[in-house]
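Below is one structure, written out as structure tokens; the observations come after it.
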Amino acid sequence: MPQGRYTYYDFTLSLCPQCLARVEAKIVFEDGKVWMRKRCPTHGLQRVLIATDIEYYKRIRNYNKASEYPNSFHTPVTWGCPFDCGLCADHEQHSCLTVLEITDRCNLSCPTCYAESAPDHGDHRTLEEVERMLDAIVRSEGEPDVVQLSGGEPTIHPHFWEIMDMAKARPIKHLMLNTNGLRIANDPGFAERLAAYQPDFEVYLQFDSFRPSVLSCMRGKDLTKVREKALANLNRVGLSTTLVCTLQRGQNEDEMGEIIEYALKQDCIRGVTFQPTQVAGRLENFDPATDRLTPTEVRQRILDQTPILNGNDLIPVPCNPDALTMGYLLKLEGEVFPLTRYIDPSALLDNTTANTIVYEQQDAVHQQLLGLFSTGCSVDVAQEGFHELMCCLPPVKSASLGYGNLFRIIIMNFMDAYDFDVRSVKKSCVHMVQPNGHIIPFETMNLFYRSAVQRAHLQQLRAEITPVLQ
Ligand code: SF4
């Protein structure tokens with residue numbers, strides 16, 4: 001009997017990257033990698049690499065925890081996923097992090113920008129719109145875990161400080177500011193004023209590379225000095241900061257270890273988030289055929305470039321394990337200790353128990369950590385922001401540690417039309433609030449819901465399919 005070229009592993013629905021039609025897709029193992037094979041009636045057969053590590057891809061499924069839902073859904077199930085976003089009643093995860101875009105405009109025009117922002121693009125949201133969106137998040141979540149003010153570049157909004165006050169006045173556990181850092185670097189007193197919003201406030205700072213050529217390719221100019229100045233100001237005022245690094249093959253995938261090493265030395269930095277480029281919006285210097293990176297390749301490269309980490313230090317995040325990978329480290333008196341290897345995976349998956357990081361190994365590092373963790377357990381680091389940064393993370397209990405001792409490595413993959421998987425997008429937990437109160441997954445927002453042209457195309461796609469129930 002002839003043997004197939006590949007091993008058929010799973011079946012899902014995906015999208016045609018050319019026309020965004022919903023198409024059936026097989027997940028197969030072939031050449032030691034995981035591929036999606038799909039066929040569009042108009043554009044034919046497509047084969048997309050979705051993971052370079054078969055064993056890790058299979059392991060992801062073991063980290064899937066019970067869904068948690070928002071207080072209410074906002075749209076009915078009519079056309080089927082992903083054409084009903086709002087969130088629709090078929091979504092399987094609440095908003096762990098909600099992005100609120102307060103402006104379309106930016107003080108840069110990056111060649112890589114999913115929002116296609118520029119100095120004269122679109123408009124600022126009015127204060128009334130921002131208020132409505134904040135209220136929509138609170139209605140949906142009660143006490144939202146993380147809200148991120150974004151754009152465009154949020155710091156150029158003419159009512160930026162009023163918006164910060166409005167956000168801080170809501171029961172948001174952790175507020176973030178997504179910024180390119182220009183104002184933090186260049187405006188005297190800007191960092192000081194931001195720092196006054198602590199605790200439970202953090203800067204999410206664009207930081208793609210140390211190389212001027214990479215920054216010119218992805219950001220349109222050499223921003224190395226801007227990044228240095230911004231970080232000097234953030235260190236000076238002691239404002240918690242996460243670096244966010246957009247990844248593009250051939251540009252910066254060899255710099256991840258160096259970025260982590262650099263970040264670990266900065267007092268203000270609490271972690272680095274790596275995001276493979278989502279094929280969406282403006283991508284002037286990017287070829288999807290050659291420049292995409294899969295999350296498993298990013299994970300392996302981090303492990304290769306960061307010798308202190310092993311395979312147990314970067315694990316799936318249970319609320320959305322396909323999209324998110326996490327690793328935690330402790331910074332103690334100038335030394336760094338990987339922490340994630342001590343997490344009991346079964347505790348992560350249980351929503352009902354008080355999850356804690358457990359320590360069972362009797363090595364030297366463990367003894368040192370155990371000493372720290374057994375000195376009273378009276379302060380819960382989670383209460384200082386650690387836990388809230390990802391709602392499903394375990395609390396760390398210690399009398400002697402603070403938020404400044406923790407360092408987080410996250411890989412955040414926002415699927416695009418190439419690797420889109422309906423099974424997985426239903427667990428998307430990074431969402432974007434809209435002025436009409438709808439809350440839309442980041443992935444589908446940038447494919448179907450952002451621009452008038454996209455929304456018109458969505459209407460066409462809907463017209464070509466038969467509505468589902470409800
Ligand atoms: S992604 Fe979520 S909200 Fe959007 S259609 Fe699918 S299930 Fe509904």
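All ligand and atom numbering here is 1-based and tracks the order in the structure. Quick caveat: nothing in here was measured; it's all calculated off a predicted structure. Along the sequence shown, residues are numbered consecutively beginning with 1. Just so you know, these numbers use all the heavy atoms, side chains as well, and skip hydrogens, waters and symmetry mates.
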Near C85, which atoms of ligand 1 are under 4.0 Å from a heavy atom of that residue?
-> 1 (S), 3 (S), 4 (Fe), 5 (S)
Nearest protein heavy atom with distance in Å, relative to atom 6 (Fe) of ligand 1 | C81 SG, 2.3 Å
Give a yes or no on whether C88 keeps an N, O or S atom under 2.8 Å from atom 8 (Fe) of ligand 1.
-> yes
Tell me, which protein residue and heavy-atom name are nearest atom 2 (Fe) of ligand 1, and how many Å apart are they?
-> H91 ND1, 2.1 Å
Should the ring pair F73 and Y69 be called parallel, tilted or perpendicular, given that the plane angle runs from 0 to 90° and is split at 30 and 60?
-> perpendicular
Do Y8 and F29 pass the ring-ring contact (aromatic ring centres under 6.0 Å, His included) test, and can you show the C-alpha distance, the side-chain angles, and the key distance before you say yes or no?
-> CA-CA 7 Å; Y8 173 53; F29 302 152; 9.9 Å; no
What is the ring orientation for W161 with Y197, classed by angle as parallel under 30°, tilted 30 to 60°, or perpendicular over 60°?
-> parallel
Could you walk me through whether T242 and E202 pass the side chain to side chain donor-acceptor pair (under 3.5 Å) test, one step at a time?
-> CA-CA 7 Å; T242 292; E202 179 158 344; 2.5 Å; yes
Does Q454 reach the main-chain N or O of R450 with its side chain, forming a donor-acceptor pair under 3.5 Å?
-> yes
The atoms of ligand 1 lying under 4.0 Å from a heavy atom of D84, numbered in the order shown, are 5 (S)
Heavy-atom contacts with K426 under 4.0 Å: which atoms of ligand 1 show up? List them by number with element.
-> 7 (S)
Would you check if the distance from the ring center of H431 to the ring center of H91 is below 6.0 Å?
-> yes
Below 4.0 angstrom from a heavy atom of D90, which ligand 1 atoms are there? Numbered from 1 as shown, please.
-> 7 (S)
